[in-house]
Amino acid sequence: MPRLSEVIAALENLWPAERAESWDAVGTVVGDPDQEVTRVLFAVDPVQEIVDEAVKLGADLLVTHHPLYLRGTTTVAATHFKGRVVHTLIKNDIALHVAHTNADTADPGVSDALAGALDLRVVRPLVPDPADPSGCRGLGRVCELDHPLTVRELAARAAERLPATAQGIRVAGDPEAVVRTVAVSGGSGDSLFDQVRAAGVDAFLTADLRHHPASEAVAHSPLALLDAAHWATEWPWCELAASQLDEISDRHGWDLRVHVSKTVTDPWTAHAASTTTTS
């Protein structure tokens, strides 16, 4: 039965904290290094609903993609919802560890998991990490399809393969255009349009696309855009990360029980489709 410090060392080997962006807040947020770990839960968001799930599961460690305190805090009082998360974790001897941008650029990382969920073949990083001589790490992935699909068919595949959310998949561009190559980036991706255009792909699948960047992108070129829910594009990483920890556990004889939360923590809960009207 490993101690938390041993499990964290293994996780840090997968996603070293020094590879996170300077603005990010990764690493262990709560936890006693000497506590024993038998059960681990992976999730995207460290929200109360997930923490309550960890308590019910009997987890000793919760690993999330998103940070709890991205911009810091001066209090963990339970009068605030994030403070309640901290209190619940400590009262139930549950550690919290975060892998965010250091998991985004890992090999394999968040975008590899997204590509895998859509049966896309990864060719290279969209934005390579200059510190990686192998050329495998970096932000986003440039991918190829086994056989061409229309934008409409690719969107339908994404809607089928990614976890269901109220948003579904939004499309910008010609739905009947043929897609052979696609860039993917889990999470918010509209800061990457220059790199996507430079990659020469037919489509870009990501999340959180805003009106003006998306409008300018489709006016600039025939690039098709597929906009999924932020949570949905990052959830496949939880399954990838859990399988990585499972392999480490087997190798060390830890016999960890590793779980992935299927609780939908996307903040959007309903969608009303627009109706066509004539004047």
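We're numbering straight along the sequence, starting at 1. All figures in this text were calculated on a predicted structure; none of them were measured in a lab.
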Exercise. Under a 4.0 Å N-O cut-off, is there an ion pair linking R157 with E153?
Worked result: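 No, no charged N to carboxylate O under 4.0 Å.
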Co-membership, hydrophobic cluster, residues [X] and [Y], 4.5 Å side-chain:
X	Y	answer
I8	V258	yes
L149	F204	no
I169	V218	no
V110	L162	no
V7	V98	no

If only atom types and distance count, is the side chain of [X] paired as donor or acceptor with the main-chain N or O of [Y] below 3.5 Å?
X	Y	result
D112	G109	yes
D24	T101	yes
T150	V178	no
E239	A113	no
T28	H97	no
T64	A43	no
T206	S185	yes
H87	V76	yes
D202	T181	yes
R3	D34	yes

Measuring from atom [atom1] of [X] to atom [atom2] of [Y], what distance do you get when rounded to the nearest 0.5 angstrom?
X	Y	atom1	atom2	answer
I50	L57	CD1	CG	11.0 Å
L62	R39	CG	CZ	14.0 Å
K56	N92	NZ	CG	14.0 Å
H211	D190	NE2	CG	12.5 Å
E234	D266	CD	CG	10.5 Å
L61	L89	CG	CG	10.0 Å

Exercise. Taking the inter-plane angle between the rings of W237 and H65 on a 0 to 90° scale, is it parallel (under 30°), tilted (30 to 60°) or perpendicular (over 60°)?
Worked result: tilted
For this session: Could you check whether the rings of W231 and W235 sit parallel, tilted or perpendicular, using 30° and 60° as the cut-offs?
Result: tilted
For [X] and [Y], work out which heavy atoms get closest and say how close.
X	Y	answer
P16	N102	O-CB, 3.3 Å
A99	W15	CB-CE3, 3.6 Å
A155	V171	CB-CG2, 3.6 Å
D132	S134	OD1-OG, 2.7 Å
A203	L226	CB-CD1, 4.0 Å
L41	V260	CD1-C, 4.0 Å

Flag the pair [X] / [Y] as yes when at least one side-chain heavy-atom distance between them is below 4.5 Å, and no otherwise.
X	Y	value
R137	P128	no
H259	E53	no
C238	V44	yes
L120	L145	yes
L209	F193	yes
R257	T38	yes
Q167	D227	yes
L205	V179	no

Within a radius of less than 6.0 Å around [atom1] of [X], do more than 12 heavy atoms belonging to other residues, nucleotides or ligands occur?
X	atom1	result
R251	CZ	yes
H252	NE2	yes
R161	CZ	yes

For this session: Test side-chain contact (heavy atoms from CB on, under 4.5 Å) on V86 and V30 and set out the steps.
Result: CA-CA 7 Å; V86 173; V30 171; 4.3 Å; yes
Exercise. Should I248 and N13 be marked as a side-chain contact (heavy atoms from CB on, under 4.5 Å) after you check the CA-CA gap, both sets of side-chain angles, and the distance that decides it?
Worked result: CA-CA 11 Å; I248 292 169; N13 190 52; over 6 Å; no
For this session: Taking atom types as modelled, find out whether T265 and E49 have a side-chain donor-acceptor pair closer than 3.5 angstrom.
Result: no
Problem set entry | Verdict with reasoning, E36 to D60, per side-chain contact (heavy atoms from CB on, under 4.5 Å) | CA-CA 8 Å; E36 294 180 334; D60 309 292; over 6 Å; no
Problem set entry | From CA spacing to verdict: side-chain contact (heavy atoms from CB on, under 4.5 Å), V142, L126 | CA-CA 5 Å; V142 175; L126 177 62; 4.0 Å; yes
